[in-house]
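Note that these values count all heavy atoms, side chains included, but never hydrogens, waters or copies made by symmetry. Lettering of chains follows the sequences in order, A, B, ..., and the numbering in each one begins at 1.
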Number of protein chains: 2
Amino acid sequence: MRFETSTIKDIAKALGLSTSTVSRALRDRYEISEETKKLVLAYAEKVNYRANPIARSLKERRSYSIGIIVSEIANNFFSQVINGIESIAYDKDYHVIISQSHESYKQEKLNVEHLASRSIDGLLIALSSETQDIDYLRDLYSKGLPIVFFDRVPEDFETHKVIANNFKGSFDATEHLILSGKRTIAHLTNSENLSITKERLGGYKAALTKYHIEFKPELVKYCQHGGMHSAELEQAVKELLPLKPDGIFISSDRLTTGCIMALKKTNPEVAHNIAISGFTNSNLVELFSPSLTSVKQPAFEMGQVATELLISMIEAKRPVTEFETKVLDTELVKMPKQVGNKFL
Amino acid sequence: MRFETSTIKDIAKALGLSTSTVSRALRDRYEISEETKKLVLAYAEKVNYRANPIARSLKERRSYSIGIIVSEIANNFFSQVINGIESIAYDKDYHVIISQSHESYKQEKLNVEHLASRSIDGLLIALSSETQDIDYLRDLYSKGLPIVFFDRVPEDFETHKVIANNFKGSFDATEHLILSGKRTIAHLTNSENLSITKERLGGYKAALTKYHIEFKPELVKYCQHGGMHSAELEQAVKELLPLKPDGIFISSDRLTTGCIMALKKTNPEVAHNIAISGFTNSNLVELFSPSLTSVKQPAFEMGQVATELLISMIEAKRPVTEFETKVLDTELVKMPKQVGNKFL
DNA sequence: AAAATCTGTGCAAACGTTCCCAAAAACGTC
DNA sequence: GACGTTTTTGGGAACGTTTGCACAGATTTT
């Protein structure tokens with residue numbers, strides 16, 4: 001079961017040239033005469049020559065591949081980010097290897113180390129909600145592996161980062177609830193470790209402050225596992241409902257859908273009486289009942305920007321020392337009009 | 001920006017051995033004395049030696065990587081399949097490279113050829129809805145690239161295949177509509193090219209026949225692009241509604257959600273009066289309004305089975321000539337009770 | 001006309017493995 | 001102690017590239 005392809009050697013032999021000449025002709029180097037180039041190119045075309053990327057990688061000590069770590073691909077936010085990453089990577093002739101942490105620190109570390117041993121040239125990562133200790137990343141980074149963080153970024157790590165304007169997104173979503181008359185607004189959010197958690201909490205608080213609504217810590221519920229376990233969500237809902245919230249602002253894709261699910265399951269009678277706004281990039285949000293106002297992140301662009309930054313690091317001649325944190329704006333998609341109990 | 005790691009050579013030099021001895025010791029060959037093995041292993045551990053997979057690939061002429069082609073990862077069915085694939089692949093020390101066709105033949109072909117040139121050891125593929133000509137796959141296959149098809153499989157291609165029991169799944173879904181009193185049941189389905197389209201149409205027809213309901217071709221609508229364009233779906237809905245269906249059976253994930261979306265957008269007043277059943281692996285289906293009865297495919301298992309078959313082909317000593325088509329059962333998840341207009 | 005420069009090409013090493021083959025060391029047998 | 005066997009080790013080629021260097025021949029400069 002083996003794959004046979006023609007190599008530079010074959011071409012050289014067939015044309016009576018040396019491998020170096022063929023190699024240089026294929027890479028269009030100035031030293032080779034136009035005549036020879038044409039000859040080589042024509043023959044290569046004829047035998048459908050494809051350079052062996054493995055040999056090239058070995059020689060050049062790089063793999064032209066980028067590792068990606070997300071919590072799960074079955075999440076529209078991340079799959080859109082991945083699409084953005086691919087759009088740039090493929091253009092620049094990199095391929096991508098996707099790994100999922102499933103919000104587990106252990107899995108994340110395992111995957112990163114697996115990728116690193118697969119000689120990726122760089123890493124794009126959104127931290128899992130469990131992750132606190134990123135020393136293993138620091139290690140790899142200091143050994144020369146370029147890393148760019150997106151979405152969930154660490155505070156104390158000097159490299160490029162790409163995030164959404166979480167503060168503003170949260171502010172807008174919370175304000176929207178307030179403007180539609182809600183006053184007891186709960187906040188369901190991710191693990192406290194995550195950067196996004198802090199930023200989104202900030203936006204939520206700021207909106208309350210602007211409208212002179214008192215911030216009540218008991219209205220904020222954290223989910224350590226980012227909503228990967230339904231029990232976690234049902235618990236949060238159970239603790240929240242006695243406080244009679246008339247609105248909930250939810251801070252991530254997974255949590256948003258999970259929370260609505262938990263609400264419908266445990267307290268169907270109130271599910272429609274609580275206004276919900278939350279971060280989600282689901283393209284099915286229009287189908288949801290109860291409906292909700294969503295904060296959409298520019299996921300595709302985030303992927304693109306992160307990839308551009310990463311590739312610039314990979315291809316930099318000298319170590320990069322100036323780092324950027326790109327902040328992209330979110331978009332508030334208001335829920336459709338709703339008439340009585342009829343959700344159209 | 002380079003990654004420095006220790007190599008077999010380094011170990012050999014440090015220990016005063018030859019590279020061959022070190023290599024053999026690391027691979028635990030019988031020829032090497034226990035003593036030397038211990039020595040080498042301990043030192044390798046100490047310097048955190050990681051074999052360079054690229055060098056190994058070059059030498060062994062295989063990459064320990066598997067290519068996957070799906071139409072899109074932002075689709076629960078496919079992302080679950082991918083999880084299944086990974087669960088097996090990682091165990092056997094393969095890594096996977098995922099590519100999306102976005103239901104485009106051109107993109108699919110491009111991706112496959114890109115993967116092939118990246119020296120994958122095997123390919124797992126679900127055909128795009130546009131694909132009719134699979135000669136390019138035959139080519140690769142005849143050159144020795146192992147291929148296993150899943151979900152959307154070609155008829156005339158001798159290799160392993162993994163599919164759901166589409167006939168039975170469709171039969172059950174259609175029967176469920178009939179048993180809940182529907183008599184004018186439309187069928188919205190994928191491109192006619194696809195294997196799944198034919199099989200699912202078969203199940204639909206069989207259910208109608210069983211209950212003595214006449215099959216009307218005008219109630220069947222095909223979507224060439226698998227619902228990737230909303231215009232396509234809105235057109236189908238527009239053509240279907242004048243026929244006054246009281247039920248619709250939809251034959252794929254993307255189409256199911258797309259159709260509900262189109263219904264709500266163009267004819268919100270009837271959206272709740274048509275019973276819907278359809279293939280979908282969405283984990284958000286409980287949130288949908290209108291609600292629907294769904295046919296769930298054993299996606300995770302399909303991925304696992306396909307990967308096992310593929311790896312068996314890759315690692316086969318002699319060319320494989322006996323092929324299997326594994327058929328896995330679907331599961332019908334009935335829609336929840338609904339009280340009047342209140343969708344809980 | 002000799003020296004310097006420019007063009008185009010080839011030789012050979014290197015990237016980090018694996019593995020065939022040979023050689024050295026250790027052991028047993030008569 | 002000479003010989004055959006077995007065990008353990010090392011040398012070196014190979015996988016398919018890329019690239020520094022050398023060199024031959026043509027062209028220009030002095």
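- Comparing B:Gly16 and B:Ala55 along DNA chain D, the residue whose closest nucleotide (by nearest heavy atom) sits nearer the 5' end is B:Gly16.
- Atom pair A:Asp28:CG and C:dG8:C1' shows a separation of 15 Å (rounding to whole Å applied).
- Minimum atom distance to the side chain of A:Ser20 is reached by C:dA12, of the listed D:dC15, C:dA12, D:dG11.
- With D:dG16, C:dT17, D:dG12 as the candidates, the nucleotide lying closest to the side chain of B:Arg61 is D:dG16.
- Within the cation-pi definition used here (under 6.0 Å to the ring centroid, within 45° of the axis), A:Arg62 qualifies as a partner of A:Tyr64.
- Residue A:Ser79 holds its OG atom at 8.0 Å from CD1 of A:Ile73, rounded to the nearest 0.5 Å.
- One interatomic measurement links the two molecules: CD1 of A:Ile32 to P of C:dG10, which rounds to 8 Å at whole-angstrom precision.
- Among the atoms of the strands shown, none is found under 4.0 Å from any heavy atom of A:Ile54.
- Counting only heavy atoms from C-beta on, B:Thr7 has its side chain closest to C:dT17 among D:dC15, C:dT18, C:dT17.
- Side-chain proximity of B:Leu17 to D:dT9, C:dT18, D:dT17: nearest is D:dT9.
- Contact annotation for B:Ser33: backbone-only contact, meaning every heavy-atom pair under 4.0 Å involves sugar-phosphate atoms and none involves a base.
- Checking the phosphate oxygens (OP1, OP2) of C:dC15, a side-chain nitrogen or oxygen of B:Lys9 falls inside 4.0 Å.
- Remark: P of D:dG10 and CD1 of B:Ile11 are 14 Å apart, rounded to the nearest angstrom.
- Atom CD1 of A:Ile8 and atom P of D:dG16 are 11 Å apart (whole Å).
- Scanning atom types as modelled, no donor and acceptor separated by under 3.5 angstrom connect the side chain of A:Lys59 and the base of D:dT17.
- The nearest whole Å value for the distance from the CD atom in B:Glu35 to the P atom in C:dA26 is 11 Å.
- When heavy atoms are screened at a 4.0 angstrom cut-off, A:Thr36 is found touching the sugar-phosphate backbone but no base atom.
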Start with the C-alpha gap between A:Glu103 and A:Arg152, add the side-chain angles, then the distance that decides, and say whether salt bridge (charged side-chain N to carboxylate O under 4.0 Å, His left out) holds.
CA-CA 11 Å; A:Glu103 302 289 14; A:Arg152 291 110 166 263; 2.9 Å; yes
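- Here D:dT8 presents its P atom at 13 Å from NZ of B:Lys38, a figure rounded to the nearest Å.
- Considering only side-chain N and O atoms, B:Tyr64 lies nowhere under 4.0 angstrom from the phosphate OP1 or OP2 of C:dT17.
- To the nearest angstrom, P of C:dC19 lies 13 Å from CG of B:Leu58.
- The side chain of A:Glu31 lies closest to C:dT9 when the candidates are C:dT9, D:dA14, C:dC15.
- Taking only side-chain nitrogens and oxygens, B:Tyr30 never comes nearer than 4.0 Å to OP1 or OP2 of D:dT6.
- At the heavy-atom level, B:Arg24 lies under 4.0 Å from base atoms of the strands shown.
- The side chain of A:Arg29 approaches D:dT19 more closely than any other nucleotide in the set C:dT18, D:dT19, D:dG16.
- In this structure, A:Arg118 atom CZ and C:dG16 atom P are separated by 18 Å, rounded to whole Å.
- A close approach under 4.0 Å does occur between a side-chain nitrogen or oxygen of B:Arg27 and OP1 or OP2 of C:dC19.
- Around atom CD of B:Glu315, more than 12 heavy atoms belonging to other residues, nucleotides or ligands sit under 6.0 Å away.
- Contacts of B:Ser23 with the nucleic acid, taken as non-hydrogen atoms under 4.0 Å apart, include base atoms.
- For the pair B:Asp10 and B:Lys13, the salt-bridge criterion is not met [side-chain N within less than 4.0 Å of a carboxylate O].
- Checked options B:His114, B:Glu108, B:Gln107; the residue passing with B:Asn111 is B:Gln107 (criterion: side chain to side chain donor-acceptor pair (under 3.5 Å)).
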